Amino acid sequence: MSKRYAGIDIGSRSIELVVVDDRGNILCSLQADTGFDPMAEAGRLISGVEYDRIMATGYGRSLFEISFEAPTVTEIKAHAKGARAFFPEARTVLDIGGQDSKAIALFPNGKVKKFEMNDRCAAGTGKFIEIMARALGFDIDSFGREALLAVNDLTISSMCTVFAESEVTSLIAKGQNPREIARGLHISVIRRVAGMISRVASDGNLVFTGGVAKNPCMRTFLEQKLGCDIMVPDDPQCVGALGAALLAVEKD
Amino acid sequence: MTEDYRSMWTDLGLNLEAHDALLGVLGPAYQNIYLAQKDRPEGMGYFDFVMSEVHGLRIKELLDEKKAGRKIIGCYCVFVPEEIALAANATLVGLCSGADFATEEVEKLLPRNTCALIKSSFGFKLGKVCPYLESADMIVGENTCDGKKKAYETFKGLVDNLYVMDLPQVKSEQGRILLKSEYLRFKAAVEALTGVQITADSLKQAIRTVNAKRAAVHRLSALRKADPAPISGLDALLVNQVFFYDNPARFTASVEKICDELEKRIVESKGVFPKKAPRILVSGCPQAVPNWKLPLIVETAGAVIVGEESCVGERGTRNLTDDSGNTIEEMMEAIIDRYYQVDCAIFTPNPDRLAHIEEMAAAYKADGVIHYGLQFCQPYLMESIPVEKALEQKGMPTLRIETDYSMEDMGQLKTRIEAFIEQLR
C-alpha cells in the first residue's frame, strides 16, 4: 500500500488537515475550529486519520513541532505549493486568512519569488471582515452575498479594524443601507490587498486561497480591481494543509 | 557580580533596583541566545567574559583610568573620531541604546513615534541604568537624523556635559568643510576637557591604535567569506558591538586570537552551520547591545549571517585612517577623509551605500539580503525601498523588515524570515 502523508495547517481561526497518497492525490480533508487549545484540537484531528509522515504549517506550527515532533514549513511556502497543485499555471497567490494576509509571487517553476505580508494588525484580514459582518448584523457566510446586492458605492475610509467599526456604527446611525456599507467594507479590503499584490510585482494567473476566498463579493471585486480572472480552489481553506502534505511527500 | 560593584554603581548614581532588573533580563537572555549556540570558537570565551562584566569590571577599569587622570568620552555614533579622543589621553566608549527601558518616562519627553534607538538612549539615562553614561566626562551627541538632532535639544536638560557635533548631510565641498571645522572644534573641546595638547606623535599613535582595531575586524570579516561559515553572525555581531566598549589594544588582540582559530577551522572545513547553509547579509540600522533579535531569528531558522552593512558592522569599521602624515594638520586631514566616507543614510543622495551593499553581498557570497529597519527611522526606511528594488533587479532576493526592540512581533518576524530562508534554499 502507498504511504500516506498528512499536512496540518494550524491557523488562528481554524485547523485544516489533509492526507494525500505518495502521488499527491487527496485522500481526506478535515477541519476544526482552533479554539483556545490548538494542540488539543490538532491532536484530536490527527488521531482520527492514518498517516506515515506529517508536516505542520500555520502560526501554530512551532508548537506542533514541539508537541508532535513534526517538521514544519511556513504558510508562505505551503500556500505556494498547495495553490500550484490545484492550478499548475498559478504565478501569484493571495491568501487571506483569519489573522494575516499575504501576496506571494511565484517563479514559473513554482518557487517563491517574493512575498508581502500584512501581519501586524487585523486590517485586510479575515478578522476584519468577520468583525464588520457582526457590526452590521450579517453572518459571515452571507456577508459577501449581501454586499453584492448593493447598488451604490459608499467609501469606508478607515483601514484600522477599531476605527472602521466605529465608522460603520456612525454610518448605520445616519441611516445608510447596510448592504452598501458592506460593499464599501469589501472594497476597502480589496484596495489593501491589491496594493500588496502590486508590491510583489506579480502578473499572470492569480489563485485566491484562505477562508476569505469563499466570499463571493471579494472574488468579484478583486477580479474587477485587478482586471483579470482569478482562480479559487473548491476548498480554499485547505490549500495550506495540502501544500504541507505535498511537501512531506517531497521530503520523504 | 560582587558587592564591590554595587557600591561602585551607587557612587555613579545608578538606580540599583532598576539596574538589577536590567541585569536580571540580560544575563538569562545572553545565556539563551549566545551560550546556547553550538560549536562556538573558543576565543569567544573572552567576549562572553566581557559581556558578563560589561557593567562591572569594564566600568571599574574606566573609573580607575579616571582616577589616574584620563577622561571618558561617551558617544552614540560612528562619526565621533576615536583617534582624537585617544590622542588627547581620553577613552571613547559607546553608550547604551539597544534595549527598551523606562519607556513611560521616555514618552513624557519624546513622541511615541520616535525610533527605538533614540528612545533607548533616553531610557537608560532616565532609568539611571547606564554606568558608561554616568562615568562619562563628556557625552557627544551628533546631528545625524532629525530624530537625534531634536532629541539632543531635550537630552541637554538631562545631563550637564552634552557636546553636540554638527555633521554635513551632503557630500560636497561645503560638506567636507563643515566636517573639518567640526572635527577641529571637537579636537579643541577634547583638549580643553583633558588639558592635554594633541601632538603629532600622540595623534599618529592614536591612529595606529584605532586602525589596528579596525584591521582585526577586517580580518575577521574576511574569514566569514568561507563556506561553511566558521563563526555565527550572532558572535560576529557581538565582536562588532564590543568594538565600542572595550580597551582598544586588548580588543584587537582578542579578535586576532579568534581569527587564528577561525583560520584553522577553515582549513579543516569546520563551521558553525553546515556547508551550503543559506547565507544572509544584513543591511540597515545599527544593532546595539543587547539587540540580538534579528540574528537570533535568522540563525535559529538555519541560515547564517555573513556580514553586517551597519554602523555596528562594516559601515562603521571599514576604511583605515591614513597614518602616513607627519604633522597634526596632515593627520587631521586623513581623519576627516576617512570619516567623510561613512555612507550613513543621513546623506543625500547616498549612492555609495547601495554600492557597498552590492559589494558586500558579492564578497561574502550572500544568497539574500535582509534590510533591517527600525520603525520610525526615516533615513534607513526611505532608503530601504530603492535598495530592495536595486538588489532585486540584479537577482538578489531581499527582505525588508521593520521592527523595534519589543518582542511582540517575534512570531510574525519568524514567519517572514523563515519563509525568506525557504525561498533561498
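Chain identifiers are assigned alphabetically (A, B, ...) following the order of the sequence lines, protein sequences preceding nucleic acid strands; residue numbering begins at 1 within each chain. Since this is a predicted model, take the numbers as computed values, not measurements.
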Under the criterion side-chain contact (heavy atoms from CB on, under 4.5 Å), I'd like the reasoning laid out for A/Thr74 against B/Glu422: C-alpha separation, chi angles, the key distance, then a yes or no. CA-CA 8 Å; A/Thr74 64; B/Glu422 285 170 352; 2.5 Å; yes
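Around NZ of A/Lys114, the count of heavy atoms belonging to other residues, nucleotides or ligands within 6.0 Å exceeds 12. No more than 12 heavy atoms of other residues, nucleotides or ligands sit less than 6.0 Å from atom CD of B/Glu104. Within a 6.0 Å radius of CG in A/Asp234, other residues, nucleotides and ligands contribute 12 heavy atoms or fewer. Within 6.0 Å of the CZ atom in A/Phe68, the count of heavy atoms belonging to other residues, nucleotides or ligands exceeds 12. Within a 6.0 Å sphere centred on CE of B/Met382, other residues, nucleotides and ligands contribute 12 heavy atoms or fewer. Open room surrounds CD on B/Gln378; 12 or fewer heavy atoms of other groups in view lie less than 6.0 Å from it. For NZ of B/Lys150, the number of neighbouring non-hydrogen atoms (other residues, nucleotides, ligands) closer than 6.0 Å is 12 at most.
Between A/Phe115 and B/Gln423, the shortest heavy-atom contact is CE2-OE1, 3.5 Å.
Looking at A/Lys77, both its backbone and its side chain come within 4.5 Å of chain B, counting heavy atoms on both sides. Only the side chain of A/Glu116 comes within contact range of chain B, judged by heavy atoms closer than 4.5 Å. B/Glu402 touches chain A through its backbone: at least one of N, CA, C or O sits under 4.5 Å from a heavy atom, while the side chain does not.
Chain A forms more heavy-atom pairs under 4.5 Å with one residue of B/Ile421, B/Thr398, B/Thr415 than with any other, namely B/Thr415. The residue among A/Lys102, A/Lys111, A/Arg61 with the most heavy atom pairs within less than 4.5 Å of chain B is A/Arg61.
A/Ile76 places none of its side-chain heavy atoms less than 4.5 Å from the side chain of B/Phe420.
Side chain of B/Glu418 to backbone of A/Val73: no donor-acceptor contact under 3.5 angstrom is found.
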